[in-house]
There are 2 protein chains.
Amino acid sequence: MKPIAVILSGAGVFDGSEIHEAVLTLLALSRAGVPYRCYAPDRDQLHVVNHLTGEVAEGERRNILVEAARIARGEIQPLSALSAEAHAAVILPGGFGAAKNLCDFAVTGAECQVAEDVSQACRSFIQAGKPSGYVCIAPIMMPRIFGEGVRGTIGTDVDTAAAFNLMGGDHQSCPVQEVVVDPSHKVVSTPAYMLAGNIAEAAEGIEKLVAEVLAMCER
Amino acid sequence: MKPIAVILSGAGVFDGSEIHEAVLTLLALSRAGVPYRCYAPDRDQLHVVNHLTGEVAEGERRNILVEAARIARGEIQPLSALSAEAHAAVILPGGFGAAKNLCDFAVTGAECQVAEDVSQACRSFIQAGKPSGYVCIAPIMMPRIFGEGVRGTIGTDVDTAAAFNLMGGDHQSCPVQEVVVDPSHKVVSTPAYMLAGNIAEAAEGIEKLVAEVLAMCER
(Lines give C-alpha, C1' and ligand atoms only; values in the text may rest on other atoms or scores of the structure.)
Protein backbone atom coordinates (compact mmCIF):
# COMPACT_ATOMS: atom_id res chain seq x y z
CA MET A 1 0.00 0.00 0.00
CA LYS A 2 1.20 3.51 -0.78
CA PRO A 3 1.86 5.70 2.27
CA ILE A 4 -0.75 8.00 3.77
CA ALA A 5 0.07 11.71 3.65
CA VAL A 6 -0.41 13.58 6.94
CA ILE A 7 -0.56 17.38 6.67
CA LEU A 8 0.62 19.15 9.83
CA SER A 9 0.31 22.84 10.73
CA GLY A 10 2.92 23.34 13.47
CA ALA A 11 3.27 21.71 16.90
CA GLY A 12 0.94 22.86 19.64
CA VAL A 13 -2.82 23.12 20.03
CA PHE A 14 -2.98 26.94 20.21
CA ASP A 15 -0.87 27.84 17.16
CA GLY A 16 -0.17 24.58 15.32
CA SER A 17 -1.24 20.96 15.02
CA GLU A 18 -2.88 19.55 18.13
CA ILE A 19 -0.04 17.29 19.24
CA HIS A 20 -2.16 14.47 20.67
CA GLU A 21 -4.33 14.30 17.54
CA ALA A 22 -1.30 14.23 15.26
CA VAL A 23 0.45 11.53 17.30
CA LEU A 24 -2.74 9.46 17.59
CA THR A 25 -3.13 9.61 13.81
CA LEU A 26 0.44 8.37 13.28
CA LEU A 27 -0.08 5.66 15.93
CA ALA A 28 -3.27 4.35 14.30
CA LEU A 29 -1.55 4.23 10.92
CA SER A 30 1.54 2.51 12.33
CA ARG A 31 -0.58 -0.04 14.19
CA ALA A 32 -2.45 -0.79 10.95
CA GLY A 33 0.93 -1.50 9.36
CA VAL A 34 0.50 1.37 6.92
CA PRO A 35 3.40 3.76 6.20
CA TYR A 36 2.91 7.50 6.46
CA ARG A 37 4.69 10.63 5.27
CA CYS A 38 4.36 13.99 7.01
CA TYR A 39 4.11 17.33 5.21
CA ALA A 40 3.65 20.95 6.28
CA PRO A 41 3.71 24.37 4.59
CA ASP A 42 7.18 25.97 4.57
CA ARG A 43 6.09 29.42 5.75
CA ASP A 44 5.64 31.31 9.02
CA GLN A 45 2.86 30.49 11.46
CA LEU A 46 0.13 33.15 11.84
CA HIS A 47 1.64 33.76 15.28
CA VAL A 48 3.30 32.02 18.23
CA VAL A 49 1.28 31.32 21.38
CA ASN A 50 2.93 30.75 24.74
CA HIS A 51 1.15 27.51 25.70
CA LEU A 52 1.73 28.08 29.41
CA THR A 53 0.01 31.48 29.56
CA GLY A 54 -2.16 31.25 26.44
CA GLU A 55 -0.87 34.65 25.33
CA VAL A 56 0.54 35.55 21.94
CA ALA A 57 4.34 35.84 22.06
CA GLU A 58 4.65 39.25 20.41
CA GLY A 59 7.47 39.55 17.91
CA GLU A 60 8.28 35.83 17.90
CA ARG A 61 8.21 34.02 14.57
CA ARG A 62 8.20 30.28 13.95
CA ASN A 63 8.05 28.34 10.68
CA ILE A 64 5.17 25.85 10.31
CA LEU A 65 7.35 23.15 8.69
CA VAL A 66 10.20 23.52 11.19
CA GLU A 67 7.85 23.25 14.18
CA ALA A 68 5.82 20.39 12.65
CA ALA A 69 9.14 18.54 12.30
CA ARG A 70 9.06 18.15 16.11
CA ILE A 71 6.01 15.89 15.82
CA ALA A 72 7.51 14.05 12.83
CA ARG A 73 10.90 13.49 14.52
CA GLY A 74 12.55 15.36 11.65
CA GLU A 75 11.02 13.14 8.98
CA ILE A 76 8.88 15.66 7.14
CA GLN A 77 8.80 17.41 3.78
CA PRO A 78 7.45 20.76 2.58
CA LEU A 79 3.81 20.64 1.46
CA SER A 80 4.96 21.72 -2.01
CA ALA A 81 6.58 18.27 -2.38
CA LEU A 82 3.32 16.39 -1.75
CA SER A 83 2.09 14.37 -4.73
CA ALA A 84 -1.28 12.59 -4.56
CA GLU A 85 0.13 10.06 -7.01
CA ALA A 86 2.64 8.85 -4.40
CA HIS A 87 0.04 8.40 -1.63
CA ALA A 88 -3.07 6.37 -0.94
CA ALA A 89 -4.91 9.05 1.05
CA VAL A 90 -4.45 12.27 3.03
CA ILE A 91 -5.28 13.05 6.67
CA LEU A 92 -5.32 16.46 8.36
CA PRO A 93 -5.16 16.52 12.19
CA GLY A 94 -6.66 19.52 13.99
CA GLY A 95 -5.47 22.15 16.42
CA PHE A 96 -5.71 25.92 15.94
CA GLY A 97 -2.94 25.59 13.37
CA ALA A 98 -5.50 24.11 10.98
CA ALA A 99 -7.66 27.23 11.43
CA LYS A 100 -4.78 29.73 11.54
CA ASN A 101 -2.04 28.38 9.27
CA LEU A 102 -3.82 26.11 6.75
CA CYS A 103 -6.80 28.44 6.36
CA ASP A 104 -7.92 31.70 7.99
CA PHE A 105 -11.10 30.48 9.72
CA ALA A 106 -9.85 31.55 13.16
CA VAL A 107 -9.73 35.14 11.87
CA THR A 108 -12.48 35.36 9.26
CA GLY A 109 -15.08 32.74 10.26
CA ALA A 110 -17.43 31.76 7.45
CA GLU A 111 -15.50 34.07 5.08
CA CYS A 112 -12.73 31.51 5.45
CA GLN A 113 -10.22 31.02 2.65
CA VAL A 114 -8.03 27.96 2.49
CA ALA A 115 -4.36 28.66 1.77
CA GLU A 116 -3.58 28.02 -1.89
CA ASP A 117 -0.89 25.40 -1.19
CA VAL A 118 -3.22 23.48 1.13
CA SER A 119 -6.20 23.71 -1.21
CA GLN A 120 -4.15 22.50 -4.16
CA ALA A 121 -2.67 19.56 -2.21
CA CYS A 122 -6.04 18.45 -0.82
CA ARG A 123 -7.84 18.82 -4.16
CA SER A 124 -5.21 16.69 -5.88
CA PHE A 125 -6.40 13.74 -3.75
CA ILE A 126 -10.02 14.40 -4.76
CA GLN A 127 -9.05 14.58 -8.44
CA ALA A 128 -7.17 11.28 -8.05
CA GLY A 129 -10.27 9.66 -6.47
CA LYS A 130 -8.38 9.07 -3.22
CA PRO A 131 -9.91 9.36 0.27
CA SER A 132 -9.32 12.07 2.87
CA GLY A 133 -9.66 12.39 6.64
CA TYR A 134 -10.22 15.65 8.55
CA VAL A 135 -9.91 15.82 12.34
CA CYS A 136 -11.21 18.30 14.95
CA ILE A 137 -11.44 21.82 13.43
CA ALA A 138 -9.73 20.80 10.14
CA PRO A 139 -13.16 19.81 8.64
CA ILE A 140 -14.06 23.52 8.55
CA MET A 141 -11.99 23.59 5.32
CA MET A 142 -14.07 20.84 3.68
CA PRO A 143 -16.79 23.03 2.10
CA ARG A 144 -14.11 25.15 0.40
CA ILE A 145 -12.07 22.14 -0.69
CA PHE A 146 -14.85 19.72 -1.73
CA GLY A 147 -17.54 22.26 -2.64
CA GLU A 148 -21.28 22.40 -1.98
CA GLY A 149 -22.99 19.59 -0.10
CA VAL A 150 -19.99 17.85 1.42
CA ARG A 151 -20.97 16.10 4.61
CA GLY A 152 -18.78 16.43 7.69
CA THR A 153 -18.58 17.21 11.37
CA ILE A 154 -16.85 19.54 13.78
CA GLY A 155 -18.69 17.91 16.70
CA THR A 156 -21.58 19.85 18.21
CA ASP A 157 -20.44 23.48 18.48
CA VAL A 158 -23.39 25.51 17.20
CA ASP A 159 -21.48 28.49 15.80
CA THR A 160 -18.83 26.42 14.04
CA ALA A 161 -21.46 24.08 12.62
CA ALA A 162 -23.41 27.09 11.34
CA ALA A 163 -20.28 28.41 9.62
CA PHE A 164 -19.71 24.99 8.05
CA ASN A 165 -23.24 25.07 6.63
CA LEU A 166 -23.01 28.73 5.58
CA MET A 167 -19.94 27.81 3.53
CA GLY A 168 -22.04 25.20 1.72
CA GLY A 169 -21.32 22.11 3.79
CA ASP A 170 -23.80 19.63 5.22
CA HIS A 171 -22.92 19.50 8.92
CA GLN A 172 -23.77 16.45 11.01
CA SER A 173 -23.54 16.51 14.82
CA CYS A 174 -21.30 13.71 16.00
CA PRO A 175 -20.12 12.42 19.38
CA VAL A 176 -16.38 12.32 20.12
CA GLN A 177 -16.07 8.54 19.74
CA GLU A 178 -17.63 8.54 16.27
CA VAL A 179 -16.95 9.66 12.71
CA VAL A 180 -19.03 11.08 9.88
CA VAL A 181 -18.45 9.46 6.50
CA ASP A 182 -19.34 11.09 3.19
CA PRO A 183 -18.94 8.17 0.79
CA SER A 184 -19.60 10.18 -2.37
CA HIS A 185 -16.81 12.62 -1.53
CA LYS A 186 -14.68 9.86 0.02
CA VAL A 187 -14.08 11.91 3.15
CA VAL A 188 -14.22 11.08 6.85
CA SER A 189 -14.29 13.53 9.78
CA THR A 190 -14.27 13.24 13.57
CA PRO A 191 -14.58 15.84 16.37
CA ALA A 192 -11.54 14.81 18.49
CA TYR A 193 -10.64 17.75 20.79
CA MET A 194 -13.59 19.81 19.55
CA LEU A 195 -15.37 17.59 22.10
CA ALA A 196 -12.88 15.28 23.80
CA GLY A 197 -12.61 15.52 27.57
CA ASN A 198 -9.42 13.48 27.56
CA ILE A 199 -6.92 11.90 25.20
CA ALA A 200 -8.53 8.44 25.38
CA GLU A 201 -11.76 9.91 23.97
CA ALA A 202 -9.90 11.67 21.17
CA ALA A 203 -8.07 8.41 20.37
CA GLU A 204 -11.29 6.46 19.92
CA GLY A 205 -12.63 8.75 17.19
CA ILE A 206 -9.27 9.11 15.47
CA GLU A 207 -8.78 5.33 15.35
CA LYS A 208 -12.18 5.01 13.68
CA LEU A 209 -11.34 7.78 11.22
CA VAL A 210 -8.08 6.11 10.24
CA ALA A 211 -9.83 2.74 9.86
CA GLU A 212 -12.54 4.28 7.63
CA VAL A 213 -10.02 6.12 5.46
CA LEU A 214 -7.96 2.93 5.05
CA ALA A 215 -11.09 0.95 4.19
CA MET A 216 -11.84 3.45 1.42
CA CYS A 217 -8.31 3.02 0.09
CA GLU A 218 -8.90 -0.68 -0.29
CA ARG A 219 -12.20 -0.39 -2.13
CA MET B 1 -6.40 6.91 42.88
CA LYS B 2 -4.09 9.90 43.16
CA PRO B 3 -2.86 11.27 39.82
CA ILE B 4 0.39 10.17 38.22
CA ALA B 5 3.03 12.88 37.82
CA VAL B 6 4.62 13.09 34.36
CA ILE B 7 7.86 15.08 34.16
CA LEU B 8 8.46 16.63 30.74
CA SER B 9 11.63 18.29 29.41
CA GLY B 10 10.40 20.38 26.46
CA ALA B 11 8.63 19.35 23.24
CA GLY B 12 10.71 17.70 20.54
CA VAL B 13 12.99 14.67 20.38
CA PHE B 14 16.23 16.60 19.74
CA ASP B 15 16.00 19.23 22.50
CA GLY B 16 13.04 18.25 24.68
CA SER B 17 10.66 15.43 25.50
CA GLU B 18 10.18 12.91 22.71
CA ILE B 19 6.66 13.91 21.70
CA HIS B 20 5.41 10.42 20.77
CA GLU B 21 6.68 8.93 24.04
CA ALA B 22 5.10 11.68 26.10
CA VAL B 23 1.75 11.41 24.31
CA LEU B 24 1.78 7.59 24.49
CA THR B 25 2.38 7.83 28.24
CA LEU B 26 -0.59 10.18 28.68
CA LEU B 27 -2.72 7.94 26.42
CA ALA B 28 -1.94 4.79 28.41
CA LEU B 29 -2.77 6.57 31.67
CA SER B 30 -6.00 8.01 30.28
CA ARG B 31 -7.07 4.63 28.90
CA ALA B 32 -6.43 3.08 32.32
CA GLY B 33 -8.79 5.67 33.76
CA VAL B 34 -6.01 7.20 35.85
CA PRO B 35 -5.60 10.99 36.08
CA TYR B 36 -2.23 12.58 35.38
CA ARG B 37 -0.53 15.92 36.05
CA CYS B 38 2.31 17.26 33.93
CA TYR B 39 5.34 19.10 35.30
CA ALA B 40 8.52 20.56 33.81
CA PRO B 41 11.42 22.69 35.06
CA ASP B 42 10.82 26.43 34.66
CA ARG B 43 14.21 27.27 33.14
CA ASP B 44 15.80 27.51 29.69
CA GLN B 45 16.51 24.46 27.56
CA LEU B 46 20.21 23.60 27.03
CA HIS B 47 19.65 24.76 23.46
CA VAL B 48 17.09 24.83 20.65
CA VAL B 49 17.41 22.38 17.75
CA ASN B 50 15.80 23.02 14.36
CA HIS B 51 14.04 19.65 13.96
CA LEU B 52 13.93 19.98 10.17
CA THR B 53 17.69 20.39 9.70
CA GLY B 54 18.93 18.85 12.96
CA GLU B 55 21.11 21.91 13.55
CA VAL B 56 21.30 24.00 16.72
CA ALA B 57 19.42 27.29 16.30
CA GLU B 58 22.18 29.62 17.51
CA GLY B 59 21.04 32.43 19.75
CA GLU B 60 17.51 31.09 20.16
CA ARG B 61 16.26 30.43 23.69
CA ARG B 62 13.20 28.47 24.77
CA ASN B 63 11.89 27.69 28.25
CA ILE B 64 11.44 24.00 29.12
CA LEU B 65 8.12 24.53 30.91
CA VAL B 66 6.67 26.79 28.21
CA GLU B 67 7.56 24.32 25.44
CA ALA B 68 6.42 21.27 27.43
CA ALA B 69 3.06 23.05 27.80
CA ARG B 70 2.52 22.30 24.09
CA ILE B 71 2.36 18.58 24.86
CA ALA B 72 0.22 19.19 27.94
CA ARG B 73 -2.25 21.48 26.12
CA GLY B 74 -1.42 24.21 28.62
CA GLU B 75 -2.24 22.06 31.63
CA ILE B 76 1.16 21.91 33.30
CA GLN B 77 2.89 23.21 36.40
CA PRO B 78 6.49 24.05 37.26
CA LEU B 79 8.48 21.13 38.62
CA SER B 80 8.98 23.09 41.84
CA ALA B 81 5.26 22.60 42.54
CA LEU B 82 5.47 18.79 42.36
CA SER B 83 4.68 17.05 45.65
CA ALA B 84 5.06 13.25 45.90
CA GLU B 85 2.35 13.34 48.58
CA ALA B 86 -0.23 14.44 45.98
CA HIS B 87 0.65 11.72 43.46
CA ALA B 88 0.64 7.92 43.23
CA ALA B 89 3.76 7.62 41.05
CA VAL B 90 6.03 9.52 38.68
CA ILE B 91 6.90 8.80 35.02
CA LEU B 92 9.63 10.43 32.92
CA PRO B 93 9.34 10.11 29.11
CA GLY B 94 12.54 10.29 27.06
CA GLY B 95 13.90 12.40 24.24
CA PHE B 96 17.19 14.32 24.26
CA GLY B 97 15.56 16.76 26.65
CA ALA B 98 15.90 14.12 29.38
CA ALA B 99 19.65 13.97 28.70
CA LYS B 100 20.12 17.72 28.09
CA ASN B 101 17.62 19.52 30.31
CA LEU B 102 16.91 17.13 33.19
CA CYS B 103 20.52 15.98 33.50
CA ASP B 104 23.72 16.63 31.55
CA PHE B 105 24.36 13.11 30.22
CA ALA B 106 24.34 14.31 26.59
CA VAL B 107 27.32 16.52 27.40
CA THR B 108 29.22 14.67 30.14
CA GLY B 109 28.40 10.96 29.65
CA ALA B 110 29.11 8.85 32.72
CA GLU B 111 30.11 11.99 34.66
CA CYS B 112 26.41 12.85 34.42
CA GLN B 113 24.81 15.01 37.09
CA VAL B 114 21.05 15.17 37.49
CA ALA B 115 19.65 18.68 37.86
CA GLU B 116 18.94 19.43 41.52
CA ASP B 117 15.22 20.15 40.96
CA VAL B 118 14.77 16.89 39.06
CA SER B 119 16.78 14.83 41.55
CA GLN B 120 14.83 16.24 44.48
CA ALA B 121 11.46 15.62 42.82
CA CYS B 122 12.30 12.05 41.81
CA ARG B 123 13.82 11.17 45.19
CA SER B 124 10.72 12.41 46.97
CA PHE B 125 8.80 9.54 45.33
CA ILE B 126 11.41 7.02 46.49
CA GLN B 127 11.26 8.38 50.02
CA ALA B 128 7.47 8.09 49.93
CA GLY B 129 7.73 4.45 48.78
CA LYS B 130 5.99 5.30 45.51
CA PRO B 131 6.84 3.75 42.13
CA SER B 132 8.58 5.39 39.18
CA GLY B 133 8.78 4.81 35.42
CA TYR B 134 11.66 5.89 33.16
CA VAL B 135 11.37 5.77 29.36
CA CYS B 136 13.98 5.72 26.56
CA ILE B 137 17.13 7.65 27.64
CA ALA B 138 15.57 8.90 30.92
CA PRO B 139 16.74 5.72 32.75
CA ILE B 140 20.33 7.00 32.45
CA MET B 141 19.46 9.15 35.50
CA MET B 142 18.44 6.14 37.59
CA PRO B 143 21.87 5.26 39.06
CA ARG B 144 22.26 8.86 40.31
CA ILE B 145 18.69 9.05 41.64
CA PHE B 146 18.31 5.56 43.14
CA GLY B 147 21.96 4.81 43.91
CA GLU B 148 24.13 1.71 43.47
CA GLY B 149 22.61 -1.46 42.09
CA VAL B 150 19.41 -0.12 40.60
CA ARG B 151 18.29 -2.29 37.72
CA GLY B 152 17.14 -0.68 34.48
CA THR B 153 17.42 -0.55 30.71
CA ILE B 154 18.22 1.86 27.94
CA GLY B 155 17.71 -0.91 25.38
CA THR B 156 20.82 -2.44 23.83
CA ASP B 157 23.17 0.46 23.02
CA VAL B 158 26.59 -0.71 24.26
CA ASP B 159 28.09 2.66 25.14
CA THR B 160 25.01 3.96 26.95
CA ALA B 161 24.63 0.66 28.82
CA ALA B 162 28.30 0.86 29.84
CA ALA B 163 27.77 4.38 31.17
CA PHE B 164 24.71 3.17 33.12
CA ASN B 165 26.85 0.48 34.76
CA LEU B 166 29.83 2.80 35.32
CA MET B 167 27.49 5.09 37.26
CA GLY B 168 26.61 2.16 39.52
CA GLY B 169 23.51 0.79 37.80
CA ASP B 170 22.75 -2.80 36.86
CA HIS B 171 21.90 -2.60 33.16
CA GLN B 172 19.70 -5.22 31.52
CA SER B 173 19.38 -5.47 27.74
CA CYS B 174 15.72 -5.27 26.77
CA PRO B 175 13.77 -5.42 23.50
CA VAL B 176 11.57 -2.47 22.54
CA GLN B 177 8.28 -4.21 23.36
CA GLU B 178 9.38 -5.08 26.90
CA VAL B 179 10.16 -3.47 30.24
CA VAL B 180 12.68 -4.07 32.99
CA VAL B 181 11.24 -4.04 36.50
CA ASP B 182 13.31 -3.49 39.63
CA PRO B 183 10.84 -4.43 42.37
CA SER B 184 13.09 -3.52 45.28
CA HIS B 185 13.49 0.03 43.96
CA LYS B 186 9.92 0.10 42.63
CA VAL B 187 11.08 1.33 39.24
CA VAL B 188 10.22 0.28 35.68
CA SER B 189 12.09 1.20 32.49
CA THR B 190 11.59 0.59 28.75
CA PRO B 191 13.74 1.41 25.68
CA ALA B 192 11.04 3.09 23.50
CA TYR B 193 12.83 5.17 20.82
CA MET B 194 16.26 4.01 21.99
CA LEU B 195 15.24 1.01 19.85
CA ALA B 196 11.82 1.60 18.29
CA GLY B 197 11.62 1.48 14.50
CA ASN B 198 8.17 3.02 14.57
CA ILE B 199 5.61 4.53 16.93
CA ALA B 200 3.64 1.26 17.29
CA GLU B 201 6.74 -0.43 18.72
CA ALA B 202 7.34 2.42 21.15
CA ALA B 203 3.69 2.26 22.22
CA GLU B 204 3.89 -1.42 23.13
CA GLY B 205 6.72 -0.94 25.64
CA ILE B 206 5.27 2.27 27.07
CA GLU B 207 1.87 0.63 27.62
CA LYS B 208 3.60 -2.16 29.55
CA LEU B 209 5.59 0.36 31.57
CA VAL B 210 2.46 2.27 32.54
CA ALA B 211 0.67 -0.98 33.45
CA GLU B 212 3.60 -2.10 35.65
CA VAL B 213 3.86 1.26 37.39
CA LEU B 214 0.11 1.29 38.06
CA ALA B 215 0.26 -2.30 39.36
CA MET B 216 2.93 -1.23 41.85
CA CYS B 217 0.71 1.65 42.98
CA GLU B 218 -2.00 -0.80 43.86
CA ARG B 219 0.18 -3.16 45.87
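Naming: A, B, ... by sequence-line order, numbering from 1 per chain.
- The choice from Ala22(B), Gly16(B), Ala11(B) that makes the most heavy-atom pairs within less than 4.5 Å of chain A is Ala11(B).
- Looking at Asn63(B), neither its backbone nor its side chain comes within 4.5 Å of chain A, counting heavy atoms on both sides.
- Under the side-chain contact (heavy atoms from CB on, under 4.5 Å) criterion, Gln120(A) pairs with Glu116(A), sequence neighbours left out.
- Chain B is approached within less than 4.5 Å, heavy atom to heavy atom, by Val48(A), Val49(A), Asn50(A), His51(A), Leu52(A) from residues 45-53 of chain A, ordered by number.
- Most heavy-atom pairs under 4.5 Å with chain B: of the set Glu201(A), Glu204(A), Glu18(A), Arg62(A), this distinction falls to Arg62(A).
- Ranked by heavy-atom pairs under 4.5 Å with chain A, the list Val66(B), Asn198(B), Leu65(B) is led by Val66(B).
- Distance check, rounded to the nearest 0.5 Å: NE2 of His20(A) to CZ of Arg70(B) gives 12.5 Å.
- For residues 72-110 of chain A, the interface with chain B (any heavy-atom pair closer than 4.5 Å) comprises Arg73(A), Gly74(A), Ile76(A), sorted by residue number.
- Under a 4.0 Å N-O distance rule, the pair Arg61(B)/Glu60(A) does not qualify as a salt bridge.
- Proximity of Ile199(A) to Tyr36(B): side-chain heavy atoms (C-beta onward) are separated by under 4.5 Å at one or more points.
- The stretch residues 24-34 of chain A places Leu24(A), Leu26(A), Leu27(A), Ser30(A), Arg31(A) near chain B, each with some heavy atom under 4.5 Å from a heavy atom of that chain.
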